[in-house]
Amino acid sequence: MAIPNVKRFRITSPDGADTATLMAVMPKGSDLDAYLKDASSRFDWKAWRDMKASTNKTRVGQQKQKKAK
């Protein structure tokens with residue numbers, strides 16, 4: 001079941017090289033720009049890059065090899 005009023009925001013890394021998606025429920029009247037700036041500065045970009053790089057190297061399973069006669 002989904003959480004109501006959740007919005008997706010795209011944040012960029014301080015060096016501008018990467019973007020990530022942040023999901024949050026924002027109260028009415030809050031300063032969205034200040035929140036996103038603070039969130040992007042506190043976001044763990046090193047761990048995010050490591051996780052993103054390791055997903056491509058996942059080995060799902062072994063394939064059977066046919067014997068050559």
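FYI, the numbering just counts along the sequence from 1. As the structure is a computational prediction, the values presented were derived from the model and not from experiment.
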Task: Greater than 12 external heavy atoms within 6.0 Å of D15's CG - done: yes

Open item on the list: For K37 and D33: C-alpha separation, side-chain torsions, deciding distance, then whether salt bridge (charged side-chain N to carboxylate O under 4.0 Å, His left out) applies.
Closed with: CA-CA 6 Å; K37 186 176 180 182; D33 293 330; over 6 Å; no

Task: Nearest atoms (heavy-atom pairs only) where W45 meets S40 - done: NE1-O, 2.9 Å

Open item on the list: As an exercise, state the distance from NZ of K7 to CG of L22, rounded to the nearest 0.5 Å.
Closed with: 13.5 Å

Task: Set of side chain to side chain donor-acceptor pair (under 3.5 Å) partners for T21, sequence neighbours left out - done: R10

Task: CZ on F9 to CE on M26, rounded to 0.5 Å - done: 6.0 Å

Task: Gap separating the CH2 atom of W48 from the CD1 atom of I11, nearest 0.5 angstrom - done: 9.0 Å

- [ ] May I ask you to say whether D18 pairs ionically with K46, meaning some side-chain N is under 4.0 Å from a carboxylate O?
- [x] no

Task: Contact summary for P27 and V25, nearest pair of heavy atoms - done: CD-O, 3.7 Å

Open item on the list: I'd like to know if the side chain of T12 and the backbone of G16 have a donor-acceptor N/O pair within less than 3.5 Å.
Closed with: no

